[in-house]
*Asks:* 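Supplied in structure tokens, the structure appears directly below.
Each residue takes its place number in the sequence, starting with 1. Small disclaimer: the values here were computed from a predicted structure and weren't measured.
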Amino acid sequence: QVQLVESGGGLVQAGGSLRLSCAASGRTFSSYVMGWFRQAPGKEREFVAAMWWSGDSTSYADSVKGRFTISRRNSKNTVYLQMNSLKPEDTALYYCAASKVPVITTTPSRYEYWGQGTQVTVSS
């Protein structure tokens, strides 16, 4: 049973930082692409960042480039999203996802496994 469990969300003032974690279990993720997505109320789910579990290739949405960093810790089977210089428009439910497609993709439907989400709220 594949499980992705996010944590680390919360309420933060604009300009602040948060680090989201995604604990993965149930299989070996070394050949997977791991992604972070977000969804604000009334909006579609949008791509935030992604990386190969076993490599250094990463991709970021233009809206977060330079502020967010995706990383992993193999020993803990965990993927992180470090979010700095947060803005009110970053407020959303953030999801971790895993894809077996062998290229980094920004399309939510290409990701087979999803976590339950963690809420990030940025106040102005």
Side-chain angles (χ1 to χ4, degrees):
Q1 181 82 14
V2 174
Q3 273 198 316
L4 301 175
V5 180
E6 303 97 334
S7 61
L11 174 64
V12 64
Q13 287 189 331
S17 299
L18 283 174
R19 189 178 78 160
L20 305 184
S21 300
C22 172
S25 63
R27 64 176 64 240
T28 301
F29 288 91
S30 59
S31 60
Y32 280 66
V33 168
M34 302 300 295
W36 286 97
F37 290 79
R38 66 187 182 187
Q39 188 166 18
K43 295 188 176 181
E44 293 189 353
R45 192 168 297 189
E46 66 172 357
F47 171 77
V48 175
M51 70 178 299
W52 279 103
W53 187 280
S54 56
D56 294 327
S57 181
T58 59
S59 178
Y60 295 93
D62 288 343
S63 59
V64 307
K65 210 170 285 184
R67 300 188 298 123
F68 291 11
T69 304
I70 188 172
S71 63
R72 72 191 183 284
R73 188 167 180 179
N74 291 339
S75 61
K76 291 194 171 183
N77 236 27
T78 300
V79 176
Y80 303 98
L81 184 69
Q82 178 67 43
M83 306 186 296
N84 299 327
S85 302
L86 283 162
K87 305 175 182 180
E89 51 263 43
D90 294 319
T91 295
L93 189 60
Y94 281 71
Y95 296 92
C96 174
S99 171
K100 292 183 290 186
V101 176
V103 292
I104 290 181
T105 175
T106 64
T107 306
S109 62
R110 303 299 292 273
Y111 288 77
E112 293 89 352
Y113 304 107
W114 290 84
Q116 81 289 348
T118 185
Q119 179 67 39
V120 171
T121 303
V122 184
S123 63
S124 57

*Asks:* If you compare all heavy atoms of P88 against all heavy atoms of S124, which two are closest, and at what distance to 0.1 Å?
*Replies:* CG-CB, 3.8 Å
*Asks:* Would you find more than 12 non-hydrogen atoms of other residues, nucleotides or ligands less than 6.0 Å from K65 atom NZ?
*Replies:*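 Yes.
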*Asks:* Using 0.5 Å steps for rounding, measure from the CD atom of Q119 to the CG atom of L11.
*Replies:*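 These two atoms lie 9.5 Å from each other.
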*Asks:* Are F29 and R72 close enough that some pair of their side-chain heavy atoms sits under 4.5 Å apart?
*Replies:* no
*Asks:* Can you give me the closest heavy-atom contact between A40 and A92, atom names plus distance?
*Replies:*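 Nearest pair, atom of A40 first, then A92: N-CB, 3.9 Å.
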*Asks:* So do V120 and L20 actually touch side chain to side chain, heavy atoms under 4.5 Å?
*Replies:* yes
*Asks:* How about CD on Q3, more than 12 heavy atoms from neighbouring residues, nucleotides or ligands closer than 6.0 Å, or not?
*Replies:* no
*Asks:* Going only through I, L, V, M, F, W and Y residues with side-chain contacts under 4.5 Å, is there a path from L93 to F47?
*Replies:* yes
*Asks:* Tell me, do D56 and M51 make a side-chain contact under 4.5 Å, heavy atoms counted?
*Replies:* no
*Asks:* Out of curiosity, R73 CZ to T78 OG1, how far, rounded to the nearest 0.5 Å?
*Replies:* 8.5 Å
*Asks:* Looking at K43 and Q39, what are the two nearest heavy atoms and their distance?
*Replies:* O-NE2, 3.1 Å
*Asks:* Evaluate the side-chain proximity of R38 to V64: yes if any heavy-atom separation is below 4.5 Å, no if none is.
*Replies:*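 Yes, their side chains come closer than 4.5 Å.
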*Asks:* So S99 and E112, do their side chains get closer than 4.5 Å, heavy atoms only?
*Replies:* yes
*Asks:* Given side chains that start at C-beta, do those of N77 and W53 come closer than 4.5 Å, heavy atoms only?
*Replies:*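 The answer is yes, as the side chains (C-beta and beyond) meet within the 4.5 Å cut-off.
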*Asks:* Check the orientation of Y111 and F37. Use parallel for under 30°, tilted for 30 to 60°, and perpendicular for over 60°.
*Replies:* perpendicular
*Asks:* Which heavy atom of A49 sits nearest a heavy atom of L81, and at what distance?
*Replies:*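 Closest approach of A49 to L81: CB-CD1, 4.1 Å.
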*Asks:* Where does the angle between the aromatic ring planes of Y95 and W114 fall among parallel (under 30°), tilted (30 to 60°) and perpendicular (over 60°)?
*Replies:*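 If you compare the ring of Y95 with that of W114, the planes turn out perpendicular.
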*Asks:* Side chain to side chain contact (heavy atoms under 4.5 Å, CB included) for Y80 and C22? Distances and angles first, verdict last.
*Replies:* CA-CA 6 Å; Y80 303 98; C22 172; over 6 Å; no
*Asks:* Test side chain to side chain contact (heavy atoms under 4.5 Å, CB included) on V103 and R110 and set out the steps.
*Replies:* CA-CA 10 Å; V103 292; R110 303 299 292 273; 5.8 Å; no
*Asks:* Using every non-hydrogen atom in the two residues, find where T105 and T107 come nearest and quote the distance to one decimal.
*Replies:*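 Shortest heavy-atom contact: OG1-N, 3.2 Å.
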*Asks:* Would you check if Y60 and T106 make a side-chain contact, meaning some heavy-atom pair closer than 4.5 Å?
*Replies:*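 Heavy-atom side-chain distance check fails, nothing below 4.5 Å.
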*Asks:* For the pair E6 (side chain) and C96 (backbone), establish whether a donor and an acceptor sit closer than 3.5 Å, ignoring hydrogens and angles.
*Replies:*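 Yes: the side chain of E6 pairs with the backbone of C96.
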*Asks:* Measure the spacing between CE of M83 and CZ of R19 and express it to the nearest 0.5 Å.
*Replies:* 11.5 Å
*Asks:* Any carboxylate oxygen within less than 4.0 angstrom of a Lys/Arg side-chain nitrogen, looking at D90 and K87?
*Replies:*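 Looking at K87 together with D90, the answer is no, because their closest N to O distance does not fall below 4.0 Å.
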*Asks:* Going hydrophobic residue to hydrophobic residue with side-chain gaps under 4.5 angstrom, can you get from Y113 over to M34?
*Replies:* yes
*Asks:* Under the criterion side chain to side chain contact (heavy atoms under 4.5 Å, CB included), I'd like the reasoning laid out for F68 against L18: C-alpha separation, chi angles, the key distance, then a yes or no.
*Replies:* CA-CA 10 Å; F68 291 11; L18 283 174; over 6 Å; no
*Asks:* Could you check if a side-chain atom of W52 sits within less than 4.5 angstrom of a side-chain atom of P102, using non-hydrogen atoms only?
*Replies:*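 A side-chain contact exists here, since the closest heavy-atom pair is under 4.5 Å.
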*Asks:* Any side-chain to backbone donor/acceptor pair from T118 onto Y94? Under 3.5 Å, distance only.
*Replies:* no
*Asks:* How many angstroms lie between CD in Q116 and CG in L4, if you round to the nearest 0.5 Å?
*Replies:*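 Result: 9.0 Å between the selected atoms.
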